[in-house]
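What follows is a single structure, written as structure tokens, with notes after it.
Every number for a ligand or one of its atoms is a count from 1 in the order of the listing. Keep in mind that the numbers below use all heavy atoms, side chains included, and drop hydrogens, waters and symmetry copies.
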Amino acid sequence: MEILCVGAGLSCAVTARGLAEAGHHLTIVESRSHVAGNCHTERDGDTGVMVHVYGPHIFHTDDAEVWDYVNRFATFRPYRNRVKATTRGEVFSLPINLHTINQFYRKTLRPEEARAFIEAQADTTITDPQSFEEQALRFVGRDLYEAFFKGYTVKQWGMDPRDLPASILKRLPVRFSYDDNYFFHKFQGMPEEGYTALVEGILDHPNITVKLNHSFTRDQAEGYDHVFYSGPLDGYFDYELGRLGYRTLDFERFTHQGDWQGCAVMNYGEEEVPFTRITEHKHFAPWEEHEGSVLYREFSRACEPDDIPYYPIRQLREKALLADYVALAEQTQGITFLGRLGTYRYLDMDVTIREALNVIEMFKDKGAKMPAFAVPPL
Ligand code: UDP
């Protein structure tokens, strides 16, 4: 079959590769000048540092098949995400672990003591936390919540944590050991030559044609047997029902000679500091040596029509609108919506790949009878 894919990020790249290997012909149109979507990386000409152009991406997964998949196309180097946080004039270790707790409370607690101590700080009257704030108060108590989560979250989401779902905080562990690995997952790493090289590797197949700097319009679907669309769901319908809300990020880039902050990611927990974090990109590639350094101060704000959408907001208003777009999409023939933007979900890279691998199997089974969504967005 002749298939059109819209977007050259992970979703369409993985889907296209699988279908190319099954003998189909794929054309990918991408409006940007590069592949890899928001995980695009680019070596800075002056310093040689591999820059995560749209913000930091760290690969982590429990899914052995996904891990094997990415390792087919790129050499991965071991990388542990060890995040620091500056708050109240001190630097702490994140995610909240025994070091953070002992430093914060000026104590020397052992794991079981710390567990009991934090349980005593926690608000145990909250039995079924619904909001971000309730989840935090239930699991770490008010002091740690206010120092590490409240300000950061107000800046990141532009909303009161009482109005955000508990699921956002569930992304972060609390550990009663000195393990400062940000993620739980079994497999973690960084592609040695960056994510763009990884995606280029995935796309390198004779049945795949990639057209960069090519904006998609619906009439282009003409003549194809099926379309996989990984752009914004509302954008496909020309925003006819209104716009789904996103947060966007602004990066204030600066350079330095030497080592500016000594780590890859420094979060700023206080609301008074206008940015959420500073990333020093050479530390994402600890196997490389660079004298110069490239850093991003990261600011989050509401996404306007010409901005790049990053984080789907998924509040009540957005979910109602999403339901209307899903209904529209389901009435449309010959198209499947994929990925973070196509399904309006907060997706990690490994989940994106897993879903794309499942889409390949589904397409082999259903062909052009593929539904609008392989995973329901609601
Ligand atoms: N978060 C926080 N303080 C931090 C880091 C994260 O309050 O220092 C909250 C914040 O609301 C964020 C969520 O936890 O949106 C998930 O964090 P994660 O690091 O997974 O965010 P991402 O890297 O995807 O932006």
Side-chain angles (χ1 to χ4, degrees), residues 37-39 52 54-61 79-88 90-97 99-101 104 129 131-175 180-185 188 190 195 245-251 261 263-273 275-279 281 284 296-303 308-315 340 345-352:
N38 277 5
C39 65
H52 293 222
Y54 303 93
H57 284 74
I58 297 137
F59 200 88
H60 53 98
T61 189
Y79 182 84
R80 288 284 172 268
N81 194 25
R82 297 201 164 89
V83 176
K84 304 291 176 217
T86 297
T87 188
R88 302 181 181 176
E90 280 188 75
V91 177
F92 295 91
S93 169
L94 277 187
I96 292 179
N97 62 65
H99 208 158
T100 324
I101 296 165
F104 189 82
S131 69
F132 184 103
E133 180 168 287
E134 283 180 359
Q135 175 79 10
L137 294 177
R138 172 66 191 88
F139 288 98
V140 296
R142 187 163 293 279
D143 294 343
L144 290 168
Y145 164 61
E146 290 188 346
F148 293 102
F149 299 140
K150 193 174 178 201
Y152 189 98
T153 299
V154 168
K155 290 187 284 185
Q156 173 74 7
W157 294 97
M159 260 185 272
D160 192 307
R162 278 174 286 205
D163 298 327
L164 283 165
S167 57
I168 293 178
L169 188 62
K170 286 183 189 153
R171 290 172 58 82
L172 299 187
V174 175
R175 296 218 181 85
D180 61 352
N181 187 351
Y182 203 72
F183 302 117
F184 295 106
H185 289 145
Q188 283 183 57
M190 275 295 181
Y195 290 97
Y246 282 92
R247 300 292 287 173
T248 191
L249 299 176
D250 292 322
F251 300 109
Q261 65 178 14
C263 64
V265 183
M266 178 67 77
N267 287 359
Y268 288 82
E270 288 156 320
E271 206 178 331
E272 299 70 49
V273 177
F275 41 86
T276 51
R277 58 187 177 184
I278 299 180
T279 50
H281 293 233
F284 290 118
Y296 277 6
R297 269 189 206 97
E298 195 169 316
F299 300 80
S300 169
R301 63 176 172 81
C303 187
I308 299 172
Y310 278 81
Y311 298 92
I313 293 175
R314 291 185 76 93
Q315 288 292 95
R340 180 177 59 94
R345 286 173 305 143
Y346 190 168
L347 291 182
D348 285 336
M349 289 183 285
D350 64 323
V351 180
T352 308

All salt bridge (Lys or Arg N to Asp or Glu O under 4.0 Å) counterparts of Asp160, not counting sequence neighbours: Arg162
Ring centers of Tyr152, Tyr268 separated by less than 6.0 Å: no
Given Phe251, Phe275, Tyr54, the one that forms ring pair (Phe, Tyr, Trp, His ring centres under 6.0 Å) with Tyr296: Phe251
Ring geometry between Tyr311 and Tyr346 (parallel below 30°, tilted from 30 to 60°, perpendicular above 60°): perpendicular
Neighbour list for ligand 1 [protein residues, heavy atom under 4.0 Å]: Leu94, Phe132, Phe148, Phe149, Tyr152, Thr153, Gln156, Trp157, Ile168, Arg171, Leu172, Tyr182, Asn267, Arg277, Tyr311, Tyr346
For Arg247, salt bridge (Lys or Arg N to Asp or Glu O under 4.0 Å) partners two or more places apart: none
Residues forming a salt bridge (Lys or Arg N to Asp or Glu O under 4.0 Å) with Arg277, sequence neighbours excluded: Glu298
